[in-house]
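Report on the following structure.
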Protein chains: 2
Amino acid sequence: MPSVEKIAPAAYEALDPRVETLVNELIGRVADKWTMLLLEALEEHGTCRFTRLSQLVPGISQKMLTQTLRAMERDGLVDRKVHPVVPPKVEYSLTGLGQSLGEAFCGVWLWAEANLDRVEASRTAFDTRE
Amino acid sequence: MPSVEKIAPAAYEALDPRVETLVNELIGRVADKWTMLLLEALEEHGTCRFTRLSQLVPGISQKMLTQTLRAMERDGLVDRKVHPVVPPKVEYSLTGLGQSLGEAFCGVWLWAEANLDRVEASRTAFDTRE
DNA sequence: GTGCCTACTTTCCTTTGGAGAGTATGGGAT
DNA sequence: ATCCCATACTCTCCAAAGGAAAGTAGGCAC
């Protein structure tokens with residue numbers, strides 16, 4: 001089981017605090033529930049429109065959908081294509097950068113899928129201990 | 001570049017909606033800024049006490065530190081060992097499950113490290129477009 | 001005119017999160 | 001005996017984030 005250090009020892013140890021801070025900020029931005037869920041939806045279904053995305057990501061409010069998509073666009077993760085027609089038509093898709101982040105998150109999805117039961121068991125054990 | 005489907009096609013396609021909902025909930029719980037940062041801190045520094053963790057994770061409030069650690073303990077990600085001495089001494093460490101999640105997040109750290117510049121560039125481009 | 005369509009905004013209100021002070025405990029210093 | 005300290009919280013108060021629902025724009029069908 002490799003750790004970050006074992007995979008990229010030199011790069012990791014060589015980080016100066018300034019870069020580490022930036023990485024932490026980026027992680028804080030990107031390690032967000034809605035961002036992850038949107039990344040997954042766009043990865044799985046390809047180009048989507050606003051309403052479609054709101055259906056694909058259950059529980060997201062329009063406000064958060066707009067907000068998260070904008071932030072992802074600003075970060076270069078999604079491409080936003082506006083067709084100047086009426087009624088409005090806006091298509092969202094992953095950029096190469098977004099796809100690579102989606103792949104980076106792949107391990108987390110697999111982990112969640114594989115360990116659902118363990119987490120569930122731990123929770124009930126914890127709750128009955130109280 | 002493998003996608004989720006290519007790595008685990010059968011398991012992924014076979015998910016019934018109920019399981020997918022649970023996975024989404026688990027992702028929502030775990031894809032949290034503080035959880036990721038704590039996971040990283042514990043992975044890198046091993047067993048730590050409360051005050052140490054608050055120093056290792058810059059910007060976290062005591063409230064969020066307590067809260068996040070409790071949630072992680074409940075999910076079986078961290079082990080909380082209380083030594084009944086005075087002043088109090090509580091040691092936190094990753095469980096096997098926590099370590100495996102830390103490894104799953106490894107790709108995201110590497111991605112962030114590798115793509116900091118691209119994201120930064122995209123942001124300034126976006127901001128000057130406005 | 002009325003209503004419809006879509007992608008947002010806006011408003012209002014609840015929940016979450018941060019800052020800082022307070023708590024409990026016994027041991028060591030004075 | 002009294003004071004102070006260390007540690008891991010816990011509480012209170014306030015600001016910020018987030019959700020629900022209604023509103024907006026503007027061309028088109030009726």
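Protein chains get the first letters and strands the later ones, always in sequence-line order, with residue 1 at the start of each.
Between Tyr92(B) and dT7(D) there is no side-chain N or O to OP1 or OP2 distance below 4.0 Å. Phosphate proximity of dT9(C) to Arg70(A): present, with a side-chain N or O under 4.0 Å from OP1 or OP2. OP1 or OP2 of dT9(C) has not a single side-chain nitrogen or oxygen of Thr66(A) nearer than 4.0 Å. Distances shown here put a side-chain N or O of Trp34(A) below 4.0 Å from the OP1 or OP2 atom of dG19(D). For dT6(C), the OP1/OP2 oxygens have no side-chain nitrogen or oxygen of Arg49(A) closer than 4.0 Å.
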Hey, mind stepping through Leu42(B) and Leu53(B) against side chain to side chain contact (heavy atoms under 4.5 Å, CB included) and telling me if it holds?
CA-CA 8 Å; Leu42(B) 285 169; Leu53(B) 284 173; 3.8 Å; yes
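Residue Gln67(A) contributes atom CD, which lies 15 Å from atom C1' of dA20(D) at whole-angstrom precision. The CG atom of Leu53(A) sits 14 Å away from the P atom of dT6(C) (whole-angstrom rounding). At whole-Å resolution of the value, CG in Leu65(B) and C1' in dG17(C) are 14 Å apart. For the pair Leu69(A) CG and dA7(C) P, the computed distance is 11 Å after rounding to whole Å. Atom NZ in Lys63(A) sits about 17 Å away from atom P in dG23(D), given to the nearest Å. Between Leu37(A) atom CG and dG18(D) atom P the separation is 14 Å, expressed in whole Å. Here the C1' atom of nucleotide dC28(D) and the NZ atom of Lys89(A) are 17 Å apart, to the nearest Å. One interatomic measurement links the two molecules: CD of Glu91(B) to P of dT7(D), which rounds to 13 Å at whole-angstrom precision.
Closest-nucleotide positions on DNA chain D for Ile60(A) and Pro88(A) were compared, and the one nearer the 5' end corresponds to Ile60(A). Remark on DNA chain C: of its neighbouring residues Gln62(B) and Asp32(B), the 5'-side contact belongs to Asp32(B), judged by nearest-heavy-atom nucleotide.
Nearest to the side chain of Val86(B), among dG19(D), dC8(C), dG26(C), sits dG26(C). Set against dA6(D), dA20(D), dC8(C), the side chain of Pro87(B) has dA6(D) as its closest nucleotide. Distances from the side chain of Met64(B) to the nucleotides dG19(D), dG17(C), dT9(C) place dG17(C) closest.
Here the straight-line distance linking atom CD of Glu43(B) with atom CZ of Phe105(B) works out to 11.0 Å at 0.5 Å rounding. To the nearest 0.5 Å, the span separating OG on Ser100(B) from CG on Leu77(B) amounts to 8.0 Å. If you take CZ on Arg52(A) and OG1 on Thr47(A), they are separated by 11.0 Å, rounding to the nearest 0.5 Å.
Nearest heavy atom pair, residue Val23(A) against residue Glu113(B), reads CG2-CA, 4.2 Å.
Using a 4.0 Å heavy-atom cutoff across all strands shown, Arg80(A) reaches sugar-phosphate atoms only and no base atom.
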